[in-house]
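Reminder, nothing fancy here: chain letters follow the sequence lines and each chain counts from 1. Quantities reported herein were computed from a predicted structural model and do not represent experimental measurements.
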Protein chains: 2
Amino acid sequence: MALPREYTSEDCPVARALEIVGERWTLLIVRDALYGVSRFSDFRDHLGIPRAVLTDRLNLLVENGILARVTAASGRDEYSLTAKGEGLWPAVWSLITWGNEHYVSEDGCRPFTHVGCGGTLAADGRCESCGTRPQPGELTLHPRAKTSPARKTDPVSQALSVPHRLLTPIARTPAQ
Amino acid sequence: MALPREYTSEDCPVARALEIVGERWTLLIVRDALYGVSRFSDFRDHLGIPRAVLTDRLNLLVENGILARVTAASGRDEYSLTAKGEGLWPAVWSLITWGNEHYVSEDGCRPFTHVGCGGTLAADGRCESCGTRPQPGELTLHPRAKTSPARKTDPVSQALSVPHRLLTPIARTPAQ
DNA sequence: TCCTCACGGTTCGGTGAATGAACTTATGGC
DNA sequence: GCCATAAGTTCATTCACCGAACCGTGAGGA
């Protein structure tokens, strides 16, 4: 029962995309993968997703060519985005901008900057400084301006509390 | 039980957005609303969604200010996108381009053109001709180049089998 | 007036998925 | 060997989705 339920309008690209990425949790996993998360426990601790569901979703994403499963030197499996998976960045960015506009306060937004020139990423996905559309790997995610009171303590939240370049692995050193 | 289940990372704009549009069917309803669908039966016939689920999702979208429910002259309720709802167009467009790239054949793609100048909409959401980023209401959706064999017979599919400007109501004349 | 139909729901039983907790296996360090 | 961790798997409960049947209202026709 690996395949998710299908939408009937199979000729519509939105429906086709949502058959995979519309499943609960999958787009958040892709988002974390864009942030550089690659290990099972990091996805789990950061998202708070049940283990069985995470297993199912990772398999789904690997089967559909969005994530690639590779066995790291440590012997543990790691998951990284394929080119097809990185192609979801515009969709994720659209949701980031929409969510920021309607649900996040002004000083709660986390800016993205273009690694090449330092410009801020505008809502249309272009660098305000140089005008190009950076790939996700060319972007740095910054912490929000106002430090929020309650901080999560999982490794991913720790790694994202300082400027972090997308698609680069998060630090594996345990906190504290 | 109107509210959908919440994702834990409430400080993330993607998670906040997905709490609403990440629910099954909701983004397809928004897509249809962008196409100009406004009536319960049209959503139902075009999407093949169960009535109870459609009722639930329409209420959810109205409560969250994405759709507005208005009683038409006929006495029937109609649903139209708010400005906040139209703000989801970039996300829908991102999924259209991603879905087209990976799941739709070259001649199966339906082009969007800019009403003002007639230019085709590029993957980055800009008009290839004039370079602007048209709002959804300034776009026309065209049928695919190759006529597909099996056509659906519901009013929405009929209306979209010819060029149709987004956000304009679909024809209410019954087919046949 | 009565009948019928279409539309927009609501209700209900059956089914499958999500959830959290407990259990299993494999790996590495001491 | 012993312990800790990582990555699953299994399981009972809960919950959402599904399809079908059932309501309530308004329009149109005989």
Between B:Ala33 and B:Leu81 the two heavy atoms that sit nearest each other are CB-CG, 3.6 Å
Earlier contact from the 5' end, DNA chain C, for A:Arg57 and B:Asp77
B:Asp77
Under 3.5 Å, is there an N or O donor on one side and an acceptor on the other linking the side chain of B:Arg51 and the base of C:dG8?
yes
Do A:Arg126 and B:Arg126 make a side-chain contact, defined as non-hydrogen atoms from C-beta onward lying under 4.5 Å apart?
yes
What's the CG-C1' distance between A:Asn59 and D:dT9, to the nearest Å?
12 Å
Would you kindly give the NE2-to-P distance between A:His46 and D:dA7, to the nearest whole Å?
16 Å
From C:dT19, D:dC17, D:dT5, pick the nucleotide closest to the side chain of A:Arg76?
D:dT5
Would you call the rings of B:Trp93 and B:Phe112 parallel, tilted or perpendicular, taking 30° and 60° as the class edges?
perpendicular
Could you please name the option among D:dG8, D:dC17, D:dT10 that lies closest to any side-chain atom of B:Val53?
D:dC17
OP1 or OP2 of C:dT19 less than 4.0 angstrom from a side-chain nitrogen or oxygen of A:Arg24, does that happen here?
yes
How close or far is atom P of D:dC15 from atom CG of B:Asp56, stated in whole angstroms?
15 Å
What does B:Phe43 touch in the nucleic acid at a heavy-atom separation under 4.0 angstrom: a base, only the sugar-phosphate, or nothing?
nothing
Give the rounded distance in Å between these two atoms: CG of A:Leu60 and P of C:dA17.
12 Å
Determine the interplanar angle of the B:Tyr79 and B:Phe43 rings, folded into 0 to 90°, and report it as parallel if under 30°, tilted if 30 to 60°, perpendicular if over 60°.
perpendicular
Where each residue is assigned the nucleotide of DNA chain D containing its nearest heavy atom, which of A:Arg69 and B:Ala52 is assigned the position nearer the 5′ end?
A:Arg69
Atom CD of A:Glu78 and atom P of D:dG8: how far apart are they, to the nearest Å?
12 Å
Just how far, in rounded Å, is C1' of D:dG8 from CD1 of A:Ile49?
13 Å
Has the side chain of B:Thr82 got a donor or acceptor atom that lies under 3.5 Å from a matching backbone atom of B:Gly65?
yes
Given D:dT9, C:dG8, C:dT10, identify the nucleotide with an atom nearest to the side chain of B:Arg39.
C:dG8
For the pair made of CG in B:Leu54 and C1' in C:dG9, what is the distance, rounded to whole Å?
10 Å
Using atom CG of B:Leu47 as one end and atom P of C:dG8 as the other, report the distance to the nearest whole Å.
14 Å
Distance check: side-chain N/O of A:Trp25 vs OP1/OP2 of C:dT19, anything under 4.0 Å?
yes
Of D:dC17, C:dG8, D:dA6, the nucleotide closest to the side chain of B:Ser41 is C:dG8
